[in-house]
**Student:** 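My questions will all concern the structure given below.
Chain naming here is simple, since letters A, B, ... match the order of the sequence lines and numbering starts at 1 in each.
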Amino acid sequence: KAGVTQTPRYLIKTRGQQVTLSCSPISGHRSVSWYQQTPGQGLQFLFEYFSETQRNKGNFPGRFSGRQFSNSRSEMNVSTLELGDSALYLCASSLVSGEAETQYFGPGTRLLVL
Amino acid sequence: GNSVTQMEGPVTLSEEAFLTINCTYTATGYPSLFWYVQYPGEGLQLLLKATKADDKGSNKGFEATYRKETTSFHLEKGSVQVSDSAVYFCALRRKGANSKLTFGKGITLSVRP
């Protein structure tokens, strides 16, 4: 079974631009979560989607948004990019949403904002 | 709030040495606890987990026991290999928080031959 895939793997943008990242979960998985990883803040939860509905949201500004499609693929969008948005963005999927579920992570999208 | 505290790193060990990486947590109720590993240039992989007090998670020679009385979930391995060099993250998932994981800052382990 194919793992979680994320596209693109690397991205360079300039301040003020917007960016869309994509995540394809493992086949059959319906929950997708997004995390931001930076050297300073570590791994921080962005949001979780399950069956096209946002189930949980972290403490990020409204510039960060996401959505999930009927095939469970998810996208996250960051508008008006800031230098501090440079990070590795990780997507994780699980069968359903819940505390006992194992999350499987993708390789991440590395975003550099200049 | 919920938080995870990991010991400061990095950690450098010789091959076949004993490994302990400390992890303590603060959470309401009894969360599920996890150890994830991140190899260079890759995403996170689940190493092991425990979902209730006194549970022991184990995988690939690594072990961790859910200690409610000390709110700890220390990771141990009896004999490390060079291939264990990676970043290790302790994490918790609070009951009712759906799939949200709260991570510690991670610790880099380097194993030299």
**Student:** Only one of Y104(A), F105(A), Y35(A) passes ring-ring contact (aromatic ring centres under 6.0 Å, His included) with Y36(B); say which it is.
**Tutor:**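 Among the candidates, only F105(A) passes.
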
**Student:** Below 4.5 Å from any heavy atom of chain B, which atoms of L43(A) appear? Answer side chain, backbone, both or neither.
**Tutor:** both

**Student:** More than 12 heavy atoms of other residues, nucleotides or ligands under 6.0 Å from NZ of K57(A): yes or no?
**Tutor:**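 Counting neighbours around NZ of K57(A), more than 12 heavy atoms of other residues, nucleotides or ligands fall under 6.0 Å, so yes.
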
**Student:** Any chain of hydrophobic side-chain contacts (each under 4.5 Å) joining L88(A) to F64(A)?
**Tutor:** no

**Student:** State plainly whether one hydrophobic cluster holds both L95(A) and F69(A), where clusters connect Ile, Leu, Val, Met, Phe, Trp and Tyr through side-chain heavy atoms under 4.5 angstrom apart.
**Tutor:**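 No.
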
**Student:** How long is the straight-line distance from CD of Q44(A) back to NZ of K100(B), given to the nearest 0.5 Å?
**Tutor:** 9.5 Å

**Student:** Side chain, backbone, both or neither: which part of L44(B) has a heavy atom under 4.5 Å from chain A?
**Tutor:**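 Both backbone and side chain of L44(B) come within 4.5 Å of chain A.
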
**Student:** How long is the straight-line distance from CD of Q41(A) back to NZ of K105(B), given to the nearest 0.5 Å?
**Tutor:** 6.0 Å

**Student:** Cut-off 3.5 Å, side chains only: do T102(A) and K49(B) have a donor facing an acceptor?
**Tutor:**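 Distance-only check passes for T102(A) and K49(B).
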
**Student:** What's the spacing between L46(B) CG and Q103(A) CD if we round to 0.5 Å?
**Tutor:**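 Output value for this atom pair is 9.5 Å.
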
**Student:** Given that the side chain runs from C-beta out, which part of R9(A) has a heavy atom under 4.5 Å from chain B: side chain, backbone, both or neither?
**Tutor:** side chain

**Student:** Is it the side chain or the backbone of Q45(B) that comes within 4.5 Å of chain A heavy atoms, both, or neither?
**Tutor:**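 Neither part; nothing is under 4.5 Å.
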
**Student:** Shared ILVMFWY cluster between Y25(B) and L75(B), side chains joined below 4.5 angstrom?
**Tutor:**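 Both belong to a single hydrophobic cluster.
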
**Student:** Is the F45(A) to F103(B) ring centre distance short of 6.0 Å?
**Tutor:**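 Between F103(B) and F45(A), which both carry aromatic rings, the centre distance is not below 6.0 Å.
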
**Student:** So for atom CZ, which belongs to R110(A), do other residues, nucleotides or ligands contribute more than 12 heavy atoms lying within a distance under 6.0 Å?
**Tutor:** no

**Student:** Between L46(A) and chain B, with a heavy-atom cut-off of 4.5 Å, which part of the residue counts as in contact: side chain, backbone, both or neither?
**Tutor:**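 L46(A) has no heavy atom closer than 4.5 Å to chain B.
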
**Student:** Between Q37(A) and chain B, with a heavy-atom cut-off of 4.5 Å, which part of the residue counts as in contact: side chain, backbone, both or neither?
**Tutor:**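 For Q37(A), the side chain is the part near chain B, not the backbone.
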
**Student:** Could you state whether V32(A) and V78(A) fall into the same hydrophobic cluster, counting links through intermediate Ile, Leu, Val, Met, Phe, Trp or Tyr residues with side-chain heavy atoms under 4.5 angstrom apart?
**Tutor:**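 Per the 4.5 Å side-chain linkage, V32(A) and V78(A) are co-clustered.
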
**Student:** Is it possible for you to say whether I12(A) and V19(A) belong to one hydrophobic cluster, with membership spreading through side-chain heavy-atom contacts below 4.5 Å?
**Tutor:**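 Each belongs to a different hydrophobic cluster.
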
**Student:** Can you confirm whether E69(B) is buried at CD, in the sense that more than 12 heavy atoms of other residues, nucleotides or ligands lie under 6.0 Å from that atom?
**Tutor:** yes

